[in-house]
S.K.: 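Before anything else, here's the structure in question.
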Number of protein chains: 2
Amino acid sequence: MSLKYTLLGFLTYGPLTGYDLKKHINNSTKFFWDAKLSQIYPTLKKIENDGLAVSEVMPQNGKPDKKIYIITDKGRAALLAWLGDFPKEITATKDSELLRSFFAGSLEKENILTHLRHHMALRQAQLHKYQTETKDYIKQVIIDTGLEREAIMWELTRRFGEQYEQMYITWLEDAIQLIEDEM
Amino acid sequence: MSLKYTLLGFLTYGPLTGYDLKKHINNSTKFFWDAKLSQIYPTLKKIENDGLAVSEVMPQNGKPDKKIYIITDKGRAALLAWLGDFPKEITATKDSELLRSFFAGSLEKENILTHLRHHMALRQAQLHKYQTETKDYIKQVIIDTGLEREAIMWELTRRFGEQYEQMYITWLEDAIQLIEDEM
DNA sequence: CCTAGCATGTAACCAGTTACATGATTCA
DNA sequence: TGAATCATGTAACTGGTTACATGCTAGG
């Protein structure tokens, strides 16, 4: 359901193709809302059928024709309605690594520790990515579009990613310490 | 896919019904892996078909008969194989509220602030739950089962929940401050 | 020469949600 | 009297993944 609004959200900044939208997602919402091209294309079709956007075909040679989507007033209204919505409950975020940790009690100590250390390396890489690539991308988009108000929100969500990874790394460090000492 | 291992994981502590399993999930893994009864029942059926567990029917009157599942050696082996698995990439956790924040730049300042404050109340309630209900439940399970080694891991995942909510609340506070001052 | 990027999509499948169906007991 | 708990499940649907199909261009 939220993919629809992700696409409409990006379309408010200007007309885009499915391929463009995927690149925008990869550089920004990927870590809290991601989708594959094979899901994006049918969703765009549905958006057009519902009158939330219209498409224009730009012929190309050697490549498939580009299909550019333009948001309609109805699409803008639908996005605003969604933005104004309040959830009454927090939605549980799934994390299979926490699940694995939860049931890891039956494994050998060293086995658990190897697991946690491996996971930590992945988290550190992700933290680094938020602090470099993602940060640079947001800076560039601000320069290119001049959307200052939006930029505040984009930077805030980037910082969430950064703080989430930092919290995760601290938790992993503490977990490793505790298991080394008490297991 | 992970629901299968969630169910097998709980079944290693003893024979349980689908209904029992849901209660265990609600008290522990719910915040990083949840499922409805309508998904649990067919998954248990699949687990039995694959030979990972066997079921015994206990007749009752006035209620549907209880169907108790018992994990098999094949089931234990499957769980251990999964526990030993390493993911090569971190999986993006979906969060529609972050997505809403990402696209909230077009809304009025007060509108965004109301949203963030509302979200904060939900997060504080969840934090409190981890610090009371969830903590008490783990204590009780340790008393009842004496699974000390497992208890270390359960307590660690509970602490993750606590630290996650604390991080989220801090982020929301900072976001509110920033928007009040700079928007 | 091979990989990555550009650019579209479909088909089959798996995971998960919502709604429906049944019905007794207990507690506020 | 009505909601919650116990206890099972099915059917229809939506969301999301994997695999397949096509084919050119640019760069290392």
S.K.: What's the CG-P distance between B/Asn27 and D/dT5, to the nearest Å?
M.R.: 12 Å
S.K.: What's the angle between the local helix axes at either end of the helix from C/dC1-D/dG28 to C/dA28-D/dT1, using five pairs per end and rounding to 10 degrees?
M.R.: 50°
S.K.: Please check if the distance between the ring centroids of B/Trp154 and B/Phe32 is under 6.0 Å.
M.R.: no
S.K.: Could you tell me whether B/Phe10 and A/Phe103 have their ring centroids closer than 6.0 angstrom?
M.R.: yes
S.K.: Could you state the CG-C1' distance from B/Leu44 to C/dG16, rounded to the nearest angstrom?
M.R.: 15 Å
S.K.: Taking any heavy-atom pair under 4.0 Å as a contact, classify B/Lys94: base, sugar-phosphate, or nothing.
M.R.: sugar-phosphate
S.K.: Salt bridge between B/Arg117 and B/Glu180, side-chain N to carboxylate O under 4.0 Å?
M.R.: yes
S.K.: Give a yes or no answer on whether the side chain of A/Lys74 reaches the backbone of A/Asp50 with a donor-acceptor pair at less than 3.5 Å.
M.R.: yes
S.K.: Is the shortest distance from a Lys or Arg side-chain nitrogen in A/Lys22 or A/Asp34 to a carboxylate oxygen in the other one below 4.0 Å?
M.R.: yes
S.K.: Is any side-chain N of the basic residue among B/Arg158 and B/Glu155 closer than 4.0 Å to the acidic one's carboxylate O?
M.R.: yes
S.K.: May I ask you to say whether A/Arg100 pairs ionically with A/Glu97, meaning some side-chain N is under 4.0 Å from a carboxylate O?
M.R.: yes
S.K.: Whether B/Gln60 contacts D/dC6 is assessed here as follows: a side-chain N or O lying under 4.0 Å from the phosphate OP1 or OP2. Is that the case?
M.R.: no
S.K.: Report the nucleotide, chosen from C/dA7, C/dT8, D/dC6, that has the shortest atom-to-atom distance to any side-chain atom of A/Lys67.
M.R.: C/dT8
S.K.: When you compare the protein's N or O atoms with those of nucleotides 10-14 of chain D, which come within less than 3.5 Å of each other, and at what distance?
M.R.:
from, atom 1, to, atom 2, distance (Å)
D/dT10, OP1, B/Lys45, NZ, 3.1

S.K.: Whole angstrom is fine here: how far is it from CG in A/Leu3 over to P in C/dG16?
M.R.: 18 Å
S.K.: Determine the contact category for A/Lys46: base if any of its heavy atoms lies under 4.0 Å from a base atom, sugar-phosphate if only primed atoms, P, OP1 or OP2 are that close, otherwise nothing.
M.R.: nothing
S.K.: How close or far is atom P of D/dA19 from atom NZ of A/Lys36, stated in whole angstroms?
M.R.: 10 Å
S.K.: Looking only at side-chain N and O atoms, does B/Lys22 come under 4.0 Å of OP1 or OP2 in D/dC6?
M.R.: no
S.K.: Return no unless some side-chain N or O of A/Lys66 is found under 4.0 Å from OP1 or OP2 of C/dT8.
M.R.: no
S.K.: Using whole Å, what does the distance between atom C1' of nucleotide C/dC6 and atom CD1 of A/Ile68 come to?
M.R.: 14 Å
S.K.: Find out whether the Lys NZ or Arg CZ of B/Arg159 is both under 6.0 angstrom from the six-membered ring centre of A/Trp171 and within 45° of the ring's axis.
M.R.: no
S.K.: Over how many whole Å does the gap from B/Asp34 atom CG to C/dG16 atom P extend?
M.R.: 10 Å
S.K.: Rounded to whole angstrom units, what separation is found between the CD atom of B/Glu89 and the C1' atom of D/dT17?
M.R.: 14 Å
S.K.: Between atom NZ in B/Lys23 and atom P in D/dA4, what is the gap in whole Å?
M.R.: 16 Å
S.K.: Mind checking whether A/Tyr164 and B/Tyr168 have ring centres under 6.0 Å apart?
M.R.: no
